[in-house]
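Input: a single structure, listed below in structure tokens.
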Amino acid sequence: MMTSNIDTSEHRHLPGLDLERECCVVPDVASPAGTPVVALVGAPNSGKSTLFNGLTGLRSHTGNWPGTSVEIARGPWKANGVALDLIDLPGAYSLDPISPDEALTRDLLVTDGPGRPDLVVVLADAAHLARSLYLVTQVRELNLRCVVALSMNDVAAARGVTVDADALAASLGCPVVPLDPRRRRGLDRLGDAVATSLADGVPAPRTRPEASDELAREDERFAFIDAAASSATHDSGRARVDWSDRIDRVATHSIGGPIVFLGVMWLVFQATTTVAAPLQDALDGFFSGPVSDAARAGLAALGLGGTWVEGLLVNGLIAGVGMLLTFVPLMAIMFVLLALLEDSGYMARAAVVTDRLMRAIGLPGKAFLPLVVGFGCNVPAVSATRILSNPRQRTLTALLVPFTSCSARLTVYMLLATTFFGRNAGTVVFALYVTSIVFVILVGLALRHTLWRTMGDEPLILDLPPYQRPTLAITATVTWTRLKGFLKTASGIIVATVCAVWLLQSIPAGPGAFGEVPIEGSLYAAMARFVAPIFAPAGFGSWELVSALVVGFVAKEAVLTSWAQTYAIAEGDPGDLGVHLTNSFAAASGGHTLAAVAAFLVFVLAYTPCVATLAAQKREIGLRWTLFGVLINLTVAWLAAVAVFNVASLL
Amino acid sequence: MTLTQAPLHQTLVLTGSSLEPAQTRRLSSLGLRQGAQLRLVQRLAGGARVVAVAGARVALGSALLGGLTVEAAA
């Protein structure tokens, strides 16, 4: 029976974390029975993920640990010919957990159950050795095989410090392997050390002398750490050039900091809109042009031209897949930027700079990034919530992203604003963006004070890692892994939705043949008519106006093309469309046209985001939270639209 | 004095903590424990500070700073 010296009184057992369950079931990753399991632990920012990627290559998979929302990466590692199962556990400074992520790490190492790894590789930072040894020491007090991977030797050397791995190994009682995960050096030596340790029995845990209380125990542990660190460290004493401090003098300055931050945010925003847009347009053109034409030609050759089969293939499947792939350049750019910001170390500074502002509205500092990106496009913004390590904060931010008014919605705003508000169009659009920010703040506060009351009360403690030049190879690997994950989840949802809309528009609600019925005679219109009365209190309860909202569920830009279809007019002729819209709004609102238009605009701003965003949400926060988000969006949108219509009608 | 009142760029020694045990342990694991030497290197918005300790840099909020007592190193 194993005894643990770790104080367990503070530990909250994770609900649903069943350690008796099948070990390590991560979706899509099959672990051959009997493969030794090696866990990788270490502090955040210590290069752990880089090491993990270096050891497993592109063959790793990520998924949630069963029963938790903690994301784990897992992959095969061949160490000195021995096949191993490597798990990348969440970053932790110690085995005294503060978050569910750290609690999982602690549970797996401390508890003697099926989830327990056969060996633990603890990543230590040579530039911050004493601090790293805290976790190592705690692991050495458990009944576990342990190997220390010593990284950041170059950073230490730049500061005039060298660490003697052998001396450290002698003090700690376990192997110490110096390595450089970023340049992939020393990985083989690590493999040798691990393979050798696995062949041996489990070493005796570090003996701790009897202590009177917790404080004395802690003191003894620190004394041990200090002795081990100083015996292995040689400080050359030469003057150091600490670039990180110099950059931080500006980057965290009370005035300089926000300026640098806004500059970086502007670059991110530009990249995800201006840079991505031509690539997206090119892909869109490719799918709606050559690919669709080829499909039509192929079907015509088979004698199926002009039938519903062509409709399904071209307007359903090809349109759906095309739409999915147009997001690839955007997401790739977003993931690359995120990787660069995190790898360079700037992300921590950004979190510090925005901390006070975001804390005032109950959000963590880093939440600023996804929200800024959301004003360009909600899809990569939801993925960007990954930078928040706390899953509750991630969920909250991902639920708020849809309230940021994306550029696709802008197309709808522009049409309606110029048609109905003439010279005041610009003011109206500006007012909508202000409203968007107000929604983000209010909904954020409301959710915080109801669902997550204790969140955000944690005081600011943020480690600022030294700045490093980002490594392109790592950036590319990480980006590809994340992109793969997005495509996997999003593909099904997007393609299914586009096909569903096509189907509804093809099924006749009365007389007419399948696939050849005009839109107002389709099941789609029938459903819109059924739903329209809900919007009567908001002043736009007519099926032509409401049907566009349904299409807007697929993609916001489609609202315009949907209206063109509905009113059966030629595209590029806004004059007629304007007349049709005016008539529709006037009729639906009983003469209060402008009020109804304003209400409609507010509804478009706040209601469900496009299906690609929902797919991204499902990936990041799960299906239940995504559906909850849909509910919030619809409720807020409807209430706001009704309020705006009734108040504006009085003016 | 507490860290809130301590001056920048002076070597200090942490003498005590009036924070909750969980927070004290977290700070310990980052190197901020009784007897540790540290320096305040940067002022941040909202009364927060960047603390240099054990070769690392840690941003601490004002709430935490008020709970840590220090004195000037000898």
Side-chain angles (χ1 to χ4, degrees), chain A residues 7 9-10 43 45 92-98 102 125-132 134-135 138 155-156 159 161 214-215 218-219 221-222 226 229 242 244-245 248-249 251-255 257-258 348-349 351-357 359-360 365 457-466, chain B residues 2-70 73:
Chain A
D7 175 20
S9 59
E10 289 287 323
N45 302 318
Y93 289 105
S94 73
L95 293 181
D96 307 312
I98 270 197
E102 291 188 348
D125 181 345
H128 306 109
L129 189 61
R131 193 164 80 168
S132 305
Y134 191 81
L135 179 59
Q138 284 186 314
V155 177
R159 295 182 183 177
V161 173
E214 185 57 35
L215 223 58
E218 283 288 297
D219 279 345
R221 192 186 272 157
F222 282 118
D226 281 342
D242 209 326
S244 291
D245 277 343
D248 275 341
R249 243 172 256 155
T252 54
H253 189 261
S254 29
I255 299 175
R349 277 77 182 175
V352 165
V353 168
T354 56
D355 185 73
R356 194 166 73 124
L357 178 67
R359 196 177 283 265
D457 290 342
E458 299 108 42
L460 172 65
I461 307 179
L462 202 56
D463 187 39
L464 300 177
Chain B
T2 66
L3 267 183
T4 325
Q5 304 146 335
L8 294 184
H9 307 303
Q10 190 185 12
T11 309
L12 307 162
V13 175
L14 191 64
T15 51
S17 159
S18 61
L19 302 169
E20 288 170 20
Q23 287 172 345
T24 306
R25 266 208 302 276
R26 157 66 67 164
L27 291 174
S28 290
S29 66
L30 291 172
L32 279 159
R33 54 180 180 85
Q34 195 127 352
Q37 288 206 335
L38 55 106
R39 268 183 313 126
L40 295 177
V41 292
Q42 180 90 23
R43 255 188 219 105
L44 301 170
R49 297 276 188 277
V50 175
V51 178
V53 60
R57 303 284 178 273
V58 182
L60 290 184
S62 51
L64 288 178
L65 296 170
L68 298 170
T69 40
V70 293

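Numbered from 1 within each chain, the chains take letters A, B, ... in sequence-line order. Quick caveat: nothing in here was measured; it's all calculated off a predicted structure.
Heavy atoms of A:Asp125 lying under 4.5 Å from chain B are absent altogether. Neither the backbone nor the side chain of B:Leu65 comes within less than 4.5 Å of any heavy atom in chain A. With a 4.5 Å cut-off on non-hydrogen atoms, B:Val51 does not touch chain A at all. Heavy atoms closer than 4.5 Å to chain A are found in the side chain of B:Ala48, but not in its backbone. Using a 4.5 Å cut-off between heavy atoms, A:Arg249 touches chain B through backbone and side chain atoms alike. Neither the backbone nor the side chain of B:Ser62 comes within contact range of chain A; no heavy atom of the residue lies under 4.5 Å from a heavy atom of that chain.
Among all heavy-atom pairs drawn from A:His253 and B:Gln42, the shortest one is CA-NE2, 3.5 Å.
Chosen from A:Asp463, A:Leu135, A:Leu129, A:Thr252, the residue pairing most often with chain B at heavy-atom distances under 4.5 Å is A:Thr252.
One distance of note links CG of B:Leu30 with CD1 of A:Ile461; it measures 6.5 Å at 0.5 Å rounding. Atom CG in A:Leu460 sits 7.5 Å away from atom CG in B:Leu44 (nearest 0.5 Å).
With respect to B:Arg33 and A:Asp226, a salt bridge is recorded, a charged nitrogen being found less than 4.0 Å from a carboxylate O.
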